[in-house]
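Comments concern the structure below.
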Amino acid sequence: MALSQPLASAAGSPSGTPISYFECSKCREHIPADAPQTVCPKDGGSLWVRYDLSPIRSRVRREQIAVRPRSMWRYRELLPDAEPVTLGEGFTPMLASRRRAKLWIKDEGANPTGSFKARGLCMAVTMACHYGLKKLAIPSAGNAAGALAAYAAAAGLESHIFMPKDVPEANLVECKAYGSDVNLIDGLISDCARIVGERKQAEGWFDVSTLKEPFRVEGKKTMGLEVAEQLGWRVPDAIFYPTGGGVGLIGMWKAFEELEQLGWLDSGAKRPKMIAIQAAGCAPIPKAFVEGKPVSEAWKDAHTFASGLRVPKAYGDYIILDIVRRSGGTAIAISDEEMLASMLDWARNEGIFLCPEGAAATAAYDKLIASGFLKPSDEVVIFNTGTGLKYIDVVSKAMGITRSANGNSAAKPTERRIGGIIGPY
Ligand SMILES: Cc1ncc(COP(=O)(O)O)c(C=O)c1O
Ligand SMILES: [Zn+2]
């Protein structure tokens, strides 16, 4: 396959690893990877991509990675062997907090389309091209739609987008700009997923919903690989991940498993505590976690200004809950008021404009330090999953900003009833 020059230089030469098979996350059945797959035909379980990593163990040393291009494709031996459709995703900055030693912000806002969704959709579109698929459909809370729209445009594929009608303005505008077929739905991502499910067969769409195809996890896995590399091939004590469908949390856990198989993590390393953060207005995972249940119940009347966290029930909830428990982590819900306060705290004291989902994670950090679940001496990586700039309309409303001659008319956020002003969505 021909690879155009700019793509080649951003990604490095493609020489990934052949996929051995897909493995069902429920019944462990192996499914051949010579054709595109969705979920396990027997039980609907999400599929893992499995490789034989033993040849890589002897062929590649982690020191070789350091000199490669600064994109997620630097880990190509841990990704499928396919021509990358790349826009320069990944290898985002790991910013040291100015106030807390051993606290890092992994700033995913630096990705193409301004969020971590670029990684998963880059991989899904790359593999769609590999398998010869032409029409992709996605139900999305907003940022995944923007990412699919961009990568589909780069690859010359059709993208059919279904997202709630009240998504942040940036998500609507970017999808339109990339030339996608945009459908705004009076409902939540779960309603969008239902519509895609009903129409996909007749329309000939391939459904790239969260955890209903295996490659978005592979793309998001690179966040775990980067965390390890950027810390000098170590893992932190805890990782804070704002969780909707949970793809990043699941992908990072897979990354640590594969790094251990390769012997690339310093020996005896304990896996990080995985902390899943949701919004108080939509918290199925913390609820199931506290109740000791293996799966979540669909959350009713989901509302939060962190639109990426408005996921009433994650398809892979059983995987998320299992990982959080096995890691010794926890799941915690944060109110919109707490998110906005933390967003302003980080903007004003660290110069970082978090997205609301990232601010949920920073607020959760403060709470878990205060409760003693974590110590200030613990090394922690917090995922800021997107740039706050994608939420300008939402944050502007939440801050009560109006334009005036001196441009300084924001009401103090503590004086506003955030939920009442911007929600419920
Ligand atoms: C900025 C942001 N953070 C977090 C999430 C949740 O991501 P995931 O579905 O991978 O759990 C989303 C999902 O849309 C998002 O857009
Ligand atoms: Zn199965």
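Residue numbers start at 1 and run along the sequence shown. Numbering of ligands and ligand atoms starts at 1, following listing order.
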Measure across Trp233 and Leu225 and return the closest heavy-atom pair with its distance rounded to 0.1 Å.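 That closest heavy-atom pairing would be CZ3-O, 4.4 Å.
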
Closest heavy-atom pair and its distance - Ala333, Pro286: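 So the two residues come closest at N-CG, 4.0 Å.
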
Which protein heavy atom lies closest to [atom], and at what distance to 0.1 Å?
atom	answer
atom 3 (N) of ligand 1	Thr385 OG1, 2.7 Å
atom 7 (O) of ligand 1	Phe116 CZ, 3.2 Å
atom 14 (O) of ligand 1	Lys117 CE, 3.2 Å

Under a 4.0 angstrom heavy-atom cut-off, which atoms of ligand 1 come close to [X]?
X	result
Thr243	11 (O)
Gly246	8 (P), 9 (O), 10 (O), 11 (O)
Gly245	8 (P), 9 (O), 11 (O)
Gly248	10 (O)
Tyr391	1 (C)
Asn143	1 (C), 15 (C), 16 (O)
Lys220	10 (O)

So, applying side-chain hydrogen bond (donor to acceptor under 3.5 Å, both in side chains) with Arg119, which one of Glu108, Glu89, Glu218 is it?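 For Arg119, the side-chain hydrogen bond (donor to acceptor under 3.5 Å, both in side chains) test succeeds with only one of Glu108, Glu89, Glu218, which is Glu108.
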
Between Cys355 and ligand 1, does any nitrogen or oxygen pair lie at a separation below 3.5 Å?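 No: no nitrogen or oxygen of Cys355 is under 3.5 Å from one in ligand 1.
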
Report yes if some N/O of Gly244 lies less than 3.5 Å from some N/O of ligand 1; otherwise report no.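 Yes; the residue has a nitrogen or oxygen that sits under 3.5 Å from a nitrogen or oxygen of the ligand.
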
pair Asn384-Cys355: side-chain heavy atoms closer than 4.5 Å: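 Side-chain contact under 4.5 Å: yes.
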
Please round to the nearest 0.5 Å and tell me the distance separating atom [atom1] of [X] and atom [atom2] of [Y].
X	Y	atom1	atom2	result
Arg199	Phe162	CZ	CZ	4.5 Å
Lys102	Ser97	NZ	OG	13.5 Å
Trp73	Met123	CH2	CE	4.0 Å

Is a side-chain N or O of Thr17 found less than 3.5 angstrom from the main chain of Glu77, in a donor-acceptor match?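 Yes, Thr17 side chain to Glu77 backbone: donor-acceptor pair under 3.5 Å.
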
Is Glu229 paired with Arg70 through a side-chain N to carboxylate O contact shorter than 4.0 Å?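 No.
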
Residues Glu226 and Lys106 bridged, charged N to O under 4.0 Å: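 Looking at Lys106 together with Glu226, the answer is yes, because their closest N to O distance falls below 4.0 Å.
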
Report the angle formed at the Zn ion (ligand 2) by atom SG of Cys24 and atom SG of Cys40, rounding to the nearest 10°.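 Seen from the Zn ion (ligand 2), SG and SG are separated by roughly 110°.
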
Given atoms OD1 of Asp43 and SG of Cys27, what angle do they subtend at the Zn ion (ligand 2), to the nearest 10 degrees?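 Roughly 150°, rounded to 10°.
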
Cation-pi check, Arg310 onto Trp299 ring (under 6.0 Å, within 45° of axis):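 No - Arg310 does not lie over the ring of Trp299 by the 6.0 Å and 45° rule.
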
Any heavy atom of Tyr241 sitting closer than 4.0 Å to ligand 1?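 It does; at least one heavy atom falls under 4.0 Å.
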
Can a non-hydrogen atom of Ser115 be found less than 4.0 Å from any atom of ligand 1?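 Ser115 does not count as a contact of ligand 1 under the 4.0 Å cut-off.
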
Measure Tyr315 to ligand 1 on non-hydrogen atoms and call it side chain, backbone, both or neither using the 4.0 Å cut-off.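 Looking at Tyr315 and ligand 1, no heavy atom falls under 4.0 Å.
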
Options Gly308, Pro242, Gly251, ranked by nearest heavy atom to atom 12 (C) of ligand 1, top entry: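 Residue with the shortest heavy-atom distance to the ligand atom: Gly308.
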
